[in-house]
> 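First the structure, then my questions, so here it is.
What's counted below: heavy atoms across the whole structure, side chains too, no hydrogens, waters or symmetry copies.
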Amino acid sequence: MRVLTLVVLISSISWMSFAQDKTWRGKFEPIDRMIDPPSTYRTASGAPGADYWQQRADYKIKASLDEKTRVLSGEETITYYNNSPDELPYLWLQLEQNVNRKENEGFGGIFSVKDSMTSQRMQYLLRPIEFEAGYTISYIKDASGKTLKSLVNNTMMKVMLPEPLQPNTSVTFSIGWSYPVTDRSNFLLSREGYEYFPEDDNCVFLIAHWFPRMAVYNDTEGWQNQQFQKLGEFALEFGNYDVEITVPADHLVAATGELQNDKDILSSDQKKRMTKARKSFDEPIMIVTPEEAAANEKTKSTDTKTWKFHAENVRDFAFASSRKFIWDAQAVKLPNRITMAMSFYPKEGLPVWSEESTQAVVHALEVYSEATFNYPYPVAISVNTSNIGMEFPMISFNGGRPIDGEMSHNAKEGMIRTIVHEVGHNWFPMIVSSDERKWMWMDEGLNTYLDQKTMAERYPQFHSLTPKDMIPYMDGDQNVMRPIMVTSDVESLYSIGANFYDKPTAGFQILRESVMGPELFDAAFKEYATRWMYKHPNPADLFRTLEDASAVDLDWFWRGWYFTTDKVDINLTEVKWFQMSEEEVVIENKGKKVKSKISGKDEKAEMTKDFSAGPQPFNMINTPDKSYGGFLSRIDETAMRDQVSGKNIYELTLKNEGGLIMPVIIEWTYTDGSTEIDRLPAEVWRLNEVQIKKTFLKEKEVASITIDPQQELPDVNMENNSFPRIEVKSEFDAFKE
């Protein structure tokens, strides 16, 4: 009966404390209702389930680039495999080039009219200078040559099938199409098009999102036929590609996949150089030299050549074509294969691109392979053009150019990081194929985490992101901020970098360094990557896998970091210093006030601002028998006194001012100048999400205490992190000094 009474009493006290705490927000509650439920397709552990399926699309494409009219035309045959359990009466294809039509609203007007506007901004805003854009579809036919009905809705095309496509069957159909390649300088967020060089009257053509492509059909949303609005990128199926590209005979073509007819396309010198490059692991070998490229710029051939490429198990295909290209290549020895790192760039990229581009590709391949899985493709290409960073399987388009042959430190950092980042997209989302159109952060955030890891390891002379860098953003106006878990196209253009790239990166860094530890995090991150190679993960699959592979409950972290705009602000509101009184105290005196032999002050002294008043005394009395309940064993009172005697006890009161649950990192600086770090897990906030007290026993006397001294966490207010308080200089004052 006594046990029952005790349980009821404890339960009542616990219930009363929570009932009175009106600030409770359930920050440690599971996020099960906030993410997709598990199923036989996607397990509760975050792995693909026993019944997991995904569609497949193989392409055979013949395309021709008319340099004079700048029109790309093509014919493609698609074989689409229905691996789903559903009948499909129609198919959806993506027509991204239609986004450039004038009547397309794109992502809305982000500029307003001002009393002074550049002509470029006016073009972005109103597009008063007209030009052709968008697809002309010449035919859609089935395998027997019969015309298939279709319906175009902006950037999506619906193809009606004569009869539903049954599960575990395939359909083959063909499409003829053409579109005018657009001038990239006319568009904001241009992902492809041509760049014109007036000095030599040449172009670099970046051809991407260029052929009608199958939309994704999956188990969580059916058809992903969300319109392309430029900000949210792409959701695509895997398949094999056989592509023939006809261009002017003096053009070089860089593309996804392996060149199949190099004997017919490359000169004897180029073939010899490529053979040498395949054995060069220390430096790039010039396949086309700057001198050869300069001579090539002047030819303007009217003949054509057809380049043939084959790519296996990729979700997209892109290429670049120009007579201006310099071309270098270097072999990279990975545990599973030898891959060729290559760069294509015009003379305007010299000398920096010949020095840095292919080397950056090599660094990305090595660091990413070690952190996730080995790069599986035969080639990784970096192509230089202006004002861009865009990724595709095995090839990326990257900005950054010197001015008069020179680049500043920051400009070179930006160029190298862009190359590393875009090459890194081969992992996320080109292989771990998340839905970019819906969840931009799933590829950009994971990729930025690894590009920053690459920069920190291989380019220590440059700045790499840390959680501290997120403070200005996280301390911004929460009325306009959005959580990470919003769909791509509703985020502000001016905050996508912080919210979809940098905040997830800082979050992974916090998980690795301050929550899970490097060993657990690295293994869990690699598990996610390998589980979802060549598959379509959702956010729930990532969240569950990182927990499943580490045995760390992270729901509190996902809830706060991903689903809210809360910030980190831990306030060290109070510190009390105690020492045990050495006087003998009998139990009858336990409620009386005791004067300290050290300070002579009342033990109920007011909160102090420093340690100058000395410690408060306390009495340690023997534990009454009734406190042990039914236990017969007893604490060794003498040993306990000996352990505490002469030592310092510090009671810290911490307040969560920012609302975001985080671990607590405490640095103790002792009077002898030594320091010590204590780390409290985030779970210390479980019983009270707003305020906690924590007591520590220390041999030495403490001179000062600092919360998060190295700013592992993006605490927005370091002025309340120390005892005694330390005035933190503003950035302006620090700059003046």
> Under a plain distance cut-off of 3.5 Å, with no hydrogens placed, do Thr304 and Thr246 share a side-chain donor-acceptor pair?
no
> Between OG of Ser382 and CD of Gln359, what distance do you get to the nearest 0.5 Å?
12.5 Å
> Ignoring hydrogens and geometry, is there a side-chain-to-backbone donor-acceptor pair from Thr172 to Ala143 under 3.5 Å?
no
> With distance as the sole criterion, is a donor-acceptor pair present between the side chains of Ser343 and Thr358 under 3.5 Å?
yes
> Establish, from distance only, whether the side-chain atoms of Glu76 and Trp177 form a donor-acceptor pair under 3.5 Å.
yes
> Which label fits Tyr375 and Tyr377: parallel for a plane angle under 30°, tilted from 30 to 60°, or perpendicular past 60°?
perpendicular
> Under the salt bridge (Lys or Arg N to Asp or Glu O under 4.0 Å) definition, can you give me all pairs with a residue in residues 245-255, not counting sequence neighbours?
Asp250-Arg323
> Any luck finding a side-chain donor-acceptor pair between Arg101 and Asn154 under 3.5 Å?
no
> Please find the pair of heavy atoms, one from Ala293 and one from Val288, that lie closest to each other, and give the distance.
N-CG1, 4.2 Å
> Would Gln55 and Tyr80 count as having a side-chain donor-acceptor pair, cut-off 3.5 Å?
yes
> Hey, what do you get for CG (Asp451) to NE2 (His363), rounding to the nearest 0.5 Å?
14.0 Å
> Using only atom types and a distance under 3.5 Å, with no angle test, would you say the side chain of Gln123 pairs donor to acceptor with the backbone of Ile129?
yes
> Hey, is Lys230 close enough to Glu96 for a salt bridge, meaning N to O under 4.0 Å?
no
> I need the Ile416 CD1 to Thr454 OG1 distance, nearest 0.5 Å.
12.0 Å
> Parallel, tilted or perpendicular for Trp353 and Tyr345, by the 30°/60° rule?
tilted
> Would you please classify the geometry between the Phe309 ring and the Trp307 ring as parallel, tilted or perpendicular, with 30° and 60° separating the classes?
parallel
> Can you tell me if Lys535 has over 12 outside heavy atoms packed within less than 6.0 Å of its NZ?
yes
> We want to know whether His251 and Glu67 form a side-chain donor-acceptor pair, criterion being a heavy-atom distance below 3.5 angstrom.
yes
> Quick check on Glu406: does its CD atom have over 12 non-hydrogen neighbours (other residues, nucleotides or ligands) under 6.0 Å away?
no
> Are His536 and Asn218 close enough that a side-chain donor and a side-chain acceptor fall under 3.5 Å?
no
> Backbone N or O of Asp303 within a donor-acceptor pair of the Ser301 side chain at under 3.5 Å?
yes
> Under a 3.5 Å distance rule, please check whether Asn384 uses its side chain to pair with a backbone N or O of Asn398 as donor and acceptor.
yes
> If only atom types and distance count, is the side chain of Ser138 paired as donor or acceptor with the main-chain N or O of Gly176 below 3.5 Å?
yes
> Using atom types as modelled and distance alone, determine if a side-chain donor or acceptor of Gln270 lies under 3.5 Å from a backbone N or O of Ser267.
yes
> Within 45° of the ring axis of Phe197 and under 6.0 Å from its six-membered ring centre, is that where the NZ or CZ of Lys324 lies?
yes
> Are Glu195 and Thr385 linked by a side-chain donor-acceptor pair shorter than 3.5 Å?
yes
> What's the spacing between Asp435 CG and Gln224 CD if we round to 0.5 Å?
4.5 Å
> Please report the C-alpha distance between Asn98 and Val152 in whole Å, then the side-chain angles of each, then the deciding distance to 0.1 Å, and finally whether the side chain to side chain contact (heavy atoms under 4.5 Å, CB included) criterion is met.
CA-CA 10 Å; Asn98 286 353; Val152 174; 3.9 Å; yes
> Are the side chain of Tyr217 and the backbone N or O of Leu91 linked by a donor-acceptor pair below 3.5 Å?
no
> Leu266 and Lys271: side chain to side chain contact (heavy atoms under 4.5 Å, CB included), yes or no, with the steps?
CA-CA 6 Å; Leu266 303 183; Lys271 284 183 281 189; 3.7 Å; yes
> Go through the side-chain N and O atoms of Ser408 and Asn410 and say whether any donor and acceptor fall under 3.5 Å apart.
no
> Check this for me, if you would: do Glu292 and Arg273 make a salt bridge, where the nitrogen-to-carboxylate-oxygen distance has to be below 4.0 angstrom?
yes
> Exactly one of Val432, Val314, Asn313 should register a side-chain contact (heavy atoms from CB on, under 4.5 Å) with Tyr534. Which one does?
Asn313
> Applying side-chain contact (heavy atoms from CB on, under 4.5 Å), name anything that partners Met390, two or more places apart in sequence or on another chain.
Arg191, His209, Glu233, Phe234, Ile388, Phe392
> What is the minimum heavy-atom distance between Val383 and Ala254, and which atoms define it?
CG2-CB, 4.3 Å
> So for atom CD, which belongs to Glu355, do other residues, nucleotides or ligands contribute more than 12 heavy atoms lying within a distance under 6.0 Å?
yes
> Step through the shown structure and confirm whether more than 12 heavy atoms of other residues, nucleotides or ligands are within 6.0 Å of NZ on Lys62.
no
> Hey, does the side chain of Ser357 reach the backbone of Ser354 with a donor-acceptor pair shorter than 3.5 angstrom?
no
> Please report the interatomic distance OG(Ser321) to CG(Leu65), rounded to the nearest 0.5 Å.
5.5 Å
> Are a donor atom and an acceptor atom from the side chains of Asn426 and Glu391 found within less than 3.5 Å of each other?
no
> Without hydrogens or angle criteria, can the side chains of Tyr501 and Glu444 be said to hold a donor-acceptor pair below 3.5 Å?
yes
> For Ile403, does the CD1 atom sit with more than 12 other heavy atoms under 6.0 Å from it, leaving out its own atoms?
no
> Nearest 0.5 angstrom please: Ile245 CD1 to Leu72 CG, how far?
9.0 Å
> Does a donor on one side chain and an acceptor on the other come within less than 3.5 Å for Asn83 and Gln54?
no
> If only side-chain N and O atoms count, and only distance matters, is there a donor-acceptor pair under 3.5 Å linking Asp58 with Thr79?
no
> Can you tell me which residue pairs pass the salt bridge (Lys or Arg N to Asp or Glu O under 4.0 Å) test with a partner in residues 251-267, sequence neighbours excluded?
none
> Are the side chain of Asp269 and the backbone of Ile287 linked by a donor-acceptor contact shorter than 3.5 Å?
no
> Can any side-chain N or O of Asn447 pair as donor or acceptor with the backbone N or O of His421 at less than 3.5 Å?
yes
> Does NZ or CZ of Arg70 come closer than 6.0 Å to the centre of the six-membered ring of Tyr194, within 45° of the ring's axis?
yes
> Pick one: which of Lys298, Lys347, Lys300 meets side-chain hydrogen bond (donor to acceptor under 3.5 Å, both in side chains) with Asp200?
Lys347
> Under the side-chain hydrogen bond (donor to acceptor under 3.5 Å, both in side chains) rule, what do Asn82 and Arg56 come out as? Steps first, then yes or no, please.
CA-CA 7 Å; Asn82 181 15; Arg56 182 179 183 84; over 6 Å; no
> For Phe317, does the six-membered ring have the charged nitrogen or CZ of Arg315 within the cation-pi criterion, i.e. under 6.0 angstrom from the centroid and within 45° of the normal?
no
> Pairing donors with acceptors under 3.5 angstrom, does anything connect the side chains of Thr77 and Ser174?
yes
> Given ring pair (Phe, Tyr, Trp, His ring centres under 6.0 Å), test Trp210 with Tyr179 step by step and report yes or no.
CA-CA 8 Å; Trp210 53 286; Tyr179 72 89; 8.4 Å; no
> Applying side-chain hydrogen bond (donor to acceptor under 3.5 Å, both in side chains) to Glu244 and Thr306, what does each step give before you reach the verdict?
CA-CA 6 Å; Glu244 297 183 12; Thr306 299; 5.7 Å; no
